[in-house]
Amino acid sequence: MEYNFKRIESEWQRRWREEGTYNVEVDESRPKFYVLDMFPYPSGAGLHVGHPLGYIASDIYSRYKRQSGFNVLHPMGYDAFGLPAEQYAIQTGQHPALTTEQNIARYREQLDKIGFSFDWRREVRTCDPEYYRWTQWAFAEMFGHYYDNTVQRAEPIGKLVAHLEAHGTEGLDAAQTAALSFTAAEWAAMDEREREQALQNWRLAFRADTQVNWCEALGTVLANDEVKDGLSVRGGYPVVQKRMKQWQLRVTAYAQRMLDGLDTLEWSDSLKEIQRNWIGRSVGAQVFFDIEGSERKLEVFTTRPDTIYGVTFMVIAPEHEWVGELTTNAARADVEQYVAQSKLRSERERIAETRRVSGVATGSYAVNPFTGRRIPIYISDYVLAGYGTGAIMAVPAHDSRDYAFARHFGLEIVPVVEGGDIEKESYDAKSGRLINSDMLDGMDVKEAIEYMFAEIERRGLGKRLVNYRLRDAIFSRQRYWGEPFPIYYKDDVAHVLPLDKLPLTLPAIDNFGPTAEGEPPLARVDGWHTPEGYPYELSTMPGFAGSSAYYLRYMDPHNGEALVGRRADEYWRNVDLYVGGIEHATGHLMYSRFWNMFLYDLGHVCEPEPFRKLVNQGMIQGRSNFVYRIVGTNRFVSLNLKEQYKTQEIHVDVNIVRNDILDTEAFRRWRPEFADAEFILEDGRYVCGWGIEKMSKSMYNVVNPDYIVDKYGADTLRMYEMFLGPLEQSKPWDTNGIDGVHKFLRRLWSKFYSREGGLIVSDEEPTRAELKTLHKTIKKVREDIENFSFNTSVAAFMICLNELGDCSKRAVLEPLTALIAPFAPHMAEELWHVLGHDTTVCDAPYPVCDESYLIEDSFEYPVMVNGKLRFKQEYPLSTSAADIQADIVKAEGTQRWLEGRAPKKIIVVPGKIINIVV
RNA sequence: GCGGAUAUGGUGUAAUUGGUAGCCACGUCAGACUUAGGAUCUGAUGCCGAGAGGCGUGGGGGUUCGAGUCCCUUUAUCCGCACCA
């Protein structure tokens, strides 16, 4: 009987759905395992063959865990709010809700064909009000809390208010935007508006004026991780820096905990490193410099207080708040011009012009507190307003940027670390002996840094400080298709909606662009205010809002009382295995950890970290094919003849090419302009060129999973995607190799059914060799699954089948069916029932290797002479190394290769190798 | 510039973790069968060489009886950060 994958797959998918095979409930009697995929953003293009890669791997692991006795939670949903749907809406006028709905339907259809073991009853969509109610709730909770550094966790804002009432800011140690200072009496004297203004300095969700990434084309601000190289990640539009009042999340409060938490996670080192760099912890000193003729002191942050004797000038950022104050009348015109100029530069220009020295003197002077010397204060955009204090002490001798600046402006360069030659470049040394530094002279850099920390504190010049590169997350977006903020304004004071007023649903509109006044689209909505008439916030939340806690909702998706109920949370706890792309390293994976830690502080969840183990699947690239048109003609020349002509390389649809041979008839039909194409063939065939590129429509290299499923079946697609190579590695999709996997499945099928259609499974006792093959395979496949090495497990199945030959014995085939079930679930299910079972193969215990079948009693040693394999010699494994050593010299082969010489040394590694050194 | 990763046949890859490099597939070649299919089956296939044999894991060096694997160095590609004080 033929392997009719279409019948088998549609039938079992239907039965799984009808019987709820993959439904899962809390069950305290069994151990849990939570396997999660990063949910997709349902784009209009549908899935290509690269998208399911991670889903297939996690599905295999889920099924394996289930067969191993775990109660497996394996859900799926959609990250449905976001820019592309809205951009599409602006262009076409179609409501994003509608296009999103359509895209989700298409995604679901595609996913269903692949045979995943999702419990679809638990589906979440971030744009569903019943879901985003909890996104709004979490935001409201953040608004209602601050981060208390003394206890290292979020605390209710009421505790802060109590402190301010009693002591003002005295003795307060909390994560804050700026260092505010007022007394209890001053607090008491504030009105509601002033108080709220002050509280925003500590709230974990707060509104503040800040430097933001503004994208004019998208009409919205963007978070740092949404900008790359000065361009928006979505769309690639220019981004400029702008000061705006925005809602933000105080993720910096959790910087240290997020850093420390990394050590507890089973994530790849590279991913942890990316997050560590993003958090960017650096230990240094805060130092205050006196300003000549002013009461104020200029605060800087430095990691190299040891070099303070080499400070010959200071630099502040053009956005520094004291620019006006520090500028003397004589310098004012120049400074104003410079500041205006640097404001105009886009982020992209700024990056491109890195290393070009620019700046202007303020005319003011500071005093080096250690040398007592008068040093000029400059303004330059190589100092960033957003890092540290936006001001630096410049040490030109030992910092290349300061050096370039000093050279350009002819400033003094004083070396303070021995060893460099500062004539041509700075000496950015992290070790060495201090010179020209008074009491530090002769100390090593490390020693001097420690000494200076103490000295700075002793002299009351500042203190030791930890700085983070991590910025607070800009949380508002001036657009429509996102979660509305649960915020309304009363006399411009922000108030938050309580849970029983949530969700605040997104109103329907029909024009998705900004208003004429440049207000967000929600400004168009009449009645966008509370019943009392107080206006709601006009911006909406960013894409990462909805994806920050979705994994919690899957645990308890229909709970109307809480994001996740206590019983579900305490059972499922956190994600045991998370599979997704590395592109979320500094976005989603940071925000989710922050969000989860916050909910943990409040006691809503019982685990501080959301994702225990994380696997990053590689990108599937496209394998493009090319044809070569002779310039100015409609003639196409085969790859190996193209050098003889002047040709132009043209992408050709990979679906009309097989093994790099072009289907010329299909090519003529492909596009009208090729209808009368002529070909110059080689060996009667047209050979195409190929290259690896991103999979995209414009390269004509997109392969649709539906097409593969239709032609080869879901089981073949699943196994082939795994066979392609290591999961974590990026690799090109090449449909050509798929035959090998398909052939394997057909051969497996033919172990059960003869060509004529009869079942040929016998009850004969398997031979020892057959059992050895079976158990070897069981061992290998189990190990490979545990190591996420799915490509080698597919190879192990193929080897197993090759070794079994025409063995069709039940005692071998039955465990093999259970073993392959996670990979090819449809076929395994069918065969499982053919073997007479009436329960699902998903619950068949995963086979265990019986090591006794693998034990060998003798071993054929490869015998090397001077490191080259010369012959083989068999010894019982019980033979000792000494006995082998004594015996091997006498062996016929040894004698032949020794050619009368005496061996210098004989190395015997039992069970591995014999090497004779002559 | 800093940090991380990768490099093996025509292609995707594998290698009991320092022990016979190239498993398993694709492709190619040869053969069988044939209802002529892009089916199925069998065999060969790293490179050079008629053969014996030699050479082979990006390049160079080292440790070792033995290196794809460890160390040093260098090149190329990819990823992350990037005037971070």
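Within every chain, numbering begins at 1; the chains are lettered A, B, ... in the order of the sequence lines, protein sequences first and strands thereafter.
- Regarding A:Leu869, its CG atom lies at a distance of 10 Å from the P atom of B:rG22, rounded to whole Å.
- Within residues 902-913 of chain A, the residues that place at least one heavy atom under 4.0 Å from RNA chain B are, in residue-number order, A:Lys905, A:Ile907, A:Val909, A:Lys912, A:Ile913.
- Here, B:rA52 and B:rC48 have their P atoms 15 Å apart, quoted to the whole Å.
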Identify the pairs formed between an N or O of the protein and an N or O of nucleotides 6-10 of chain B at a distance under 3.5 Å, and give each distance.
none

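- At least one donor-acceptor pair closer than 3.5 Å links the side chain of A:Arg593 to the backbone N or O of A:Met258.
- When both distances must be under 3.5 Å, the Watson-Crick or G-U wobble mate of B:rA44 is B:rU28.
- Within the 4.5 Å cutoff, the side chain of A:Tyr861 has heavy atoms near those of the A:Ile884 side chain.
- Not a single salt bridge (charged side-chain N to carboxylate O under 4.0 Å, His left out) links A:Asp806 to another residue, sequence neighbours left out.
- Using a cut-off of 4.0 Å between Lys/Arg side-chain N and Asp/Glu carboxylate O, A:Lys772 and A:Glu856 are scored as salt-bridged.
- Between B:rU20 and B:rG66, the distance separating the two C1' atoms is 12 Å to the nearest Å.
- For the C1' atoms, the distance linking B:rU34 with B:rC24 amounts to 29 Å, nearest Å.
- Legend: salt bridge (charged side-chain N to carboxylate O under 4.0 Å, His left out) pairs involving residues 383-394 of chain A, not counting sequence neighbours: none detected.
- Each of A:Thr792 and A:Gly280 lies near RNA chain B, and the nucleotide nearest A:Thr792 is the one positioned closer to the 5' end.
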Are any protein N/O atoms closer than 3.5 Å to N/O atoms in nucleotides 77-80 of chain B? If there are, list each pair with its distance.
| residue | atom | partner | partner atom | Å |
| --- | --- | --- | --- | --- |
| B:rG80 | OP1 | A:Lys228 | NZ | 3.1 |
| B:rG80 | OP2 | A:Lys228 | NZ | 3.3 |

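- A:Asp269 comes within 4.0 angstrom of nothing in the nucleic acid, heavy atoms only.
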Considering only nitrogen or oxygen atoms on both sides, find all protein atoms under 3.5 Å from nucleotides 32-37 of chain B and state each distance.
none

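- Within the nucleic acid shown, A:Asn736 comes within 4.0 Å of sugar-phosphate atoms alone, with no base atom in reach, counting heavy atoms only.
- When heavy atoms are screened at a 4.0 angstrom cut-off, A:Asn915 is found touching base atoms of the nucleic acid.
- Electrostatic pairing of A:Glu2 and A:Arg746 does not count as a salt bridge here, judged by no charged N lying under 4.0 Å from a carboxylate O.
- Comparing B:rG58 with B:rU6, their C1' atoms sit 11 Å apart, to the nearest whole Å.
- When the shell of 6.0 Å around CG of A:Asn640 is examined, it contains more than 12 heavy atoms from other residues, nucleotides or ligands.
- Searching all strands for a Watson-Crick or G-U wobble partner of B:rC81 with both distances below 3.5 Å returns B:rG1.
- Remark: the separation of the C1' atoms in B:rG27 and B:rG9 is 12 Å, to the nearest Å.
- Under a cutoff of 6.0 Å and an axis angle of 45°, A:Arg464 and A:Phe453 form a cation-pi pair.
- Both A:Ser282 and A:Ala796 sit near RNA chain B, but only A:Ala796 has its closest nucleotide nearer the 5' end.
- Here, B:rG60 and B:rU75 have their C1' atoms 10 Å apart, quoted to the whole Å.
- Residues satisfying the salt bridge (charged side-chain N to carboxylate O under 4.0 Å, His left out) test with A:Glu860, not counting sequence neighbours, are none.
- With sequence neighbours excluded, the residues satisfying salt bridge (charged side-chain N to carboxylate O under 4.0 Å, His left out) with A:Lys779 are A:Glu851.
- Using P as the reference atom, B:rA25 and B:rA44 are 13 Å apart when rounded to the nearest Å.
- Judged as a salt bridge (charged side-chain N to carboxylate O under 4.0 Å, His left out), and not counting sequence neighbours, A:Asp472 has no contacts.
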Would you give me the side-chain donor-acceptor pairs under 3.5 Å for residues 304-312 of chain A, sequence neighbours excluded?
| residue | atom | partner | partner atom | Å |
| --- | --- | --- | --- | --- |
| A:Arg304 | NE | A:Asp306 | OD1 | 3.1 |
| A:Arg304 | NE | A:Asp306 | OD2 | 3.4 |
| A:Arg304 | NH1 | A:Ala429 | O | 2.8 |
| A:Arg304 | NH2 | A:Asp306 | OD2 | 3.1 |
| A:Arg304 | NH2 | A:Ala429 | O | 3.3 |
| A:Thr307 | OG1 | A:Arg304 | O | 2.8 |
| A:Thr312 | OG1 | A:Glu412 | O | 2.8 |

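- B:rC79 and B:rA30: their C1' atoms are spaced 45 Å apart (whole Å).
- Across all strands shown, B:rA67 remains unpaired; no Watson-Crick or G-U wobble contact has both distances below 3.5 Å.
- Residue pairs meeting the salt bridge (charged side-chain N to carboxylate O under 4.0 Å, His left out) criterion with at least one member in residues 731-742 of chain A, sequence neighbours excluded, are A:Arg623-A:Asp734, A:Arg658-A:Asp739.
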Just list the side-chain donor-acceptor pairs under 3.5 Å for residues 909-918 of chain A, sequence neighbours left out, or say none.
| residue | atom | partner | partner atom | Å |
| --- | --- | --- | --- | --- |
| A:Asn915 | OD1 | A:Gly867 | N | 3.3 |

